Amino acid sequence: MPAESPPAPKPAPPKLNPVRVSIAEEAVAERTTDFREVLHAYSKEDAILEAKRCIQCRRPWCVEACPITQDCREYILQVAKGDFDEAARVTLRENPLATSLCKVCYHYCEDACVVKKKGVPIAIRHLKRASLEYGESDLVYVPSKPKNQRVAVIGAGPAGLMAAWELGVRGYSVTVFEQEERYGGLMQTIPAYRMTDADVETDRARFRDLDVTWVKGTKVGVAFPVDRLLKEDGYQAVFVSIGTSTHRTLGVAGENLPGVLPALDFLKEINRGADVKVGHEIVVVGGGDVAMDSVRSALRKSGGGHVTLVYRRGRQEMPADPEEVHGAEQEGIRFIFQKAPVRIVGTDHVEGIMVQSIELGPPDAGGRRSPLPVPGSEETLPCDTVIVAVGQKADLQGFGSDLDLKLTSQGWPEGKGKGFQTGVPGIFAAGGRSVVYAMGTATEVADAIDAYLAGLRGEPTGPRPDPFGGEGTFVRPAGYTTPIRI
Ligand SMILES: Cc1cc2nc3c(=O)[nH]c(=O)nc-3n(C[C@H](O)[C@H](O)[C@H](O)COP(=O)(O)OP(=O)(O)OC[C@H]3O[C@@H](n4cnc5c(N)ncnc54)[C@H](O)[C@@H]3O)c2cc1C
Ligand code: SF4
Ligand code: SF4
């Protein structure tokens, strides 16, 4: 009997290159004098080199971790081949806010990237930027056959914009109502050294052939009641995507003194080009991303002043994006941990902030260690400006109890029903803790609205059509198994 041939050797696992192609950034001394962009785009050549590090996993964890199922593995492949036009098309196929997100997304995909086990993950967000910078990105979305049904979207933040896109490409007629004069929601407060209004407008311009009407300067619930949309104005469904447009306060004495600035107003006014004044000794209270944007913006506005961040928990507990914390540290921001404000000191202007030491107790139900004030540990930090960045909340004026809204721990309202349906049939509500998470929940809402309206038409519902008018529909990339929520 002939001897059995030995089994074919298993292919060697692909070699991981743990070293990321570095991303150039503006030098600290220059960038802190104005609001110029900090991170530079990759050159074409560097983008191709970085994309070649991706081993094209059969199970793409990066895609599973993206709340909008962006097929990043595919656009990375196209960049690696040097086909930037195809990379841009693939990117925009699932991501109508890609020009904004390629600058500010918290890149959950990178945290899940397999290369992170050995070194620095693939620069997935930055490769998205390279796709759009070097590829043909002035593409226009195409609506499918009109459905002759109207949807009102209240709020033009990332959730509202995503829903308008999802429903617009499915052939619905959408009206987006926004209380402000500009679109983008809280993206309007992100400082220009990270992204600008022009990025939102570039994204919105690709919607131009969809049946989307934009109504700005209209606060729904105040300008007219919400239920008028369904009862009198001819809309068959409403999406309440009002987010968290107002700031939380410290609730301490002295908060109304001149020199105390709510972070949201401070950042928004700077972006509007207003002449925002800060002093030379600035204290920012908070530990999240808004606090990071505030310290770095205050530094740029202060003309050589000193900026201190006061946070009531420790460094490990800070919810801010590590990339932003690193940027603030590079720029010389002083961090004071485990101190909480007791009152703001001054007679007719801020002169200081009294803080108290905090000990961290055992973890609460959410796993965060609870802050416990230490009696007798008060001290006053002299300063002339205090910026309050301790969170946001929704402005629910005009949104009644009939909607039965749930307020999330981070403040935005959402419906409790399937697909975020509220207590009123046809009205849905949702938002998100980051731009891309808000977009992800908006997709869920759009699916639910599509199903609801298809039911009214007596038709079955289907997947999202190809937003560029091709024959295909939305399919998850090969190898995708289950969404990861980070
Ligand atoms: C300073 C700052 C920096 C941030 N940085 C990042 C970042 O780098 N990356 C990231 O992913 N996320 C970041 N975020 C978080 C992100 O911006 C939000 O998670 C996201 O914008 C939420 O989207 P949304 O659509 O749910 O709500 P929002 O963005 O709050 O949008 C809601 C919109 O509804 C409008 N509105 C409210 N009430 C009404 C009404 N009655 N009628 C009409 N319109 C109304 C508001 O004016 C607003 O435009 C940042 C947030 C802030 C404040
Ligand atoms: S949208 Fe954000 S999470 Fe999704 S692939 Fe792009 S950078 Fe990653
Ligand atoms: S997980 Fe990382 S290496 Fe794998 S496909 Fe995604 S980006 Fe490439």
Side-chain angles (χ1 to χ4, degrees), residues 14 16 51 53-73 75-77 91 94-95 97-98 100-116 121-122 124-128 154-163 176-180 182-191 194-195 215-216 218-223 226 240-247 263-264 267-268 288-294 297 321 323-324 389 392 394-399 410-412 430-439 441-442 479 486:
L16 296 185
R53 285 208 305 136
C54 168
I55 57 166
Q56 293 288 309
C57 303
R58 265 201 275 167
R59 179 177 169 192
W61 284 353
C62 48
V63 183
E64 293 181 4
C66 174
I68 55 166
T69 329
Q70 168 90 77
D71 192 355
C72 46
R73 181 181 61 180
Y75 74 65
I76 295 170
L77 179 65
T91 299
E94 282 113 37
N95 190 343
L97 301 183
S100 307
L101 274 179
C102 73
K103 301 200 174 153
V104 300
C105 186
Y106 295 138
H107 47 70
Y108 307 100
C109 50
E110 294 178 21
D111 290 334
C113 171
V114 72
V115 180
K116 198 176 173 190
I122 308 300
I124 304 175
R125 187 187 80 192
H126 228 58
L127 290 174
K128 194 193 309 295
I154 308 174
L161 295 173
M162 183 68 169
V176 181
F177 296 93
E178 170 54 50
Q179 64 181 2
E180 301 269 349
R182 298 188 307 166
Y183 303 100
L186 289 181
M187 287 193 290
Q188 293 292 332
T189 59
I190 298 180
R194 299 208 285 130
M195 71 168 277
V215 181
K216 59 185 181 179
T218 302
K219 183 167 177 163
V220 178
V222 173
V226 182
V240 179
S241 50
I242 57 173
T244 52
S245 56
T246 56
H247 62 271
L264 276 193
L267 295 169
K268 212 188 292 177
D289 293 303
V290 183
M292 286 313 127
D293 284 340
S294 299
S297 296
D321 183 26
E323 203 174 293
E324 293 309 308
Q392 292 82 243
D395 175 357
L396 290 171
Q397 197 182 2
F399 295 87
Q410 288 176 47
W412 69 84
R433 64 183 160 95
S434 66
V435 173
V436 74
Y437 262 99
M439 293 166 69
T441 53
I486 294 172

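All figures in this text were calculated on a predicted structure; none of them were measured in a lab. Atoms within a ligand are numbered from 1 in the order they appear, just like the ligands themselves.
Residue-ligand proximity, Ile55 to ligand 3, at heavy-atom distances under 4.0 Å covers atoms 3 (S). Shown in contact with Val115 at under 4.0 Å from a heavy atom are these atoms of ligand 3, numbered in order with element: 3 (S). Close approach to Val114 involves these atoms of ligand 3, each under 4.0 Å from a residue heavy atom: 1 (S), 2 (Fe), 3 (S), 4 (Fe).
Contact detail for Ile76 and Cys54: the closest heavy-atom pair is CG2-CB, 3.5 Å. When all heavy atoms of Val63 and Gln70 are compared, the pair lying nearest together is CG1-O, 3.5 Å. Residues Thr244 and Gly411 come closest through the heavy atom pair CG2-C, 3.5 Å. Across every non-hydrogen atom of Ala156 and Glu178, the tightest pair is N-OE1, 2.8 Å. Taking every heavy atom of both residues into account, Ser241 and Ala159 meet most closely at CB-CB, 4.0 Å.
With 2.8 Å as the limit, Cys57 does not count as an N, O or S neighbour of atom 8 (Fe) of ligand 3.
For ligand 2, the 4.0 Å heavy-atom shell contains residues Cys66, Gln70, Asn95, Leu101, Cys105, His107, Tyr108, Cys109, Arg125, Lys128, Val436. For ligand 1, the 4.0 Å heavy-atom shell takes in Val104, Tyr106, Ile154, Gly155, Ala156, Gly157, Pro158, Ala159, Phe177, Glu178, Gln179, Glu180, Gly185, Leu186, Thr189, Ile190, Arg194, Thr218, Lys219, Val220, Ser241, Ile242, Gly243, Thr244, Leu264, Leu267, Val290, Asp293, Phe399, Gly431, Gly432, Arg433, Ser434, Val435, Ala438, ordered by chain and residue number.
In this structure, the side chains of Thr246 and Leu264 stay at 4.5 Å or more apart for every pair of heavy atoms. A heavy-atom distance below 4.5 Å is found between the side chains of Gln56 and Leu77. Side chains of Tyr437 and Tyr106 form no contact here, defined as non-hydrogen atoms less than 4.5 Å apart.
Classification of Arg194 and Glu323 as a salt-bridged pair fails, no side-chain N sitting under 4.0 Å from a carboxylate O.
When each of Ile68, Leu97, Val104 is checked for a side-chain contact (heavy atoms from CB on, under 4.5 Å) with Val436, only Ile68 meets the rule.
Gln188 and Arg182 are linked by a side-chain donor-acceptor pair at a separation below 3.5 angstrom, with hydrogens and angles left out of the test.
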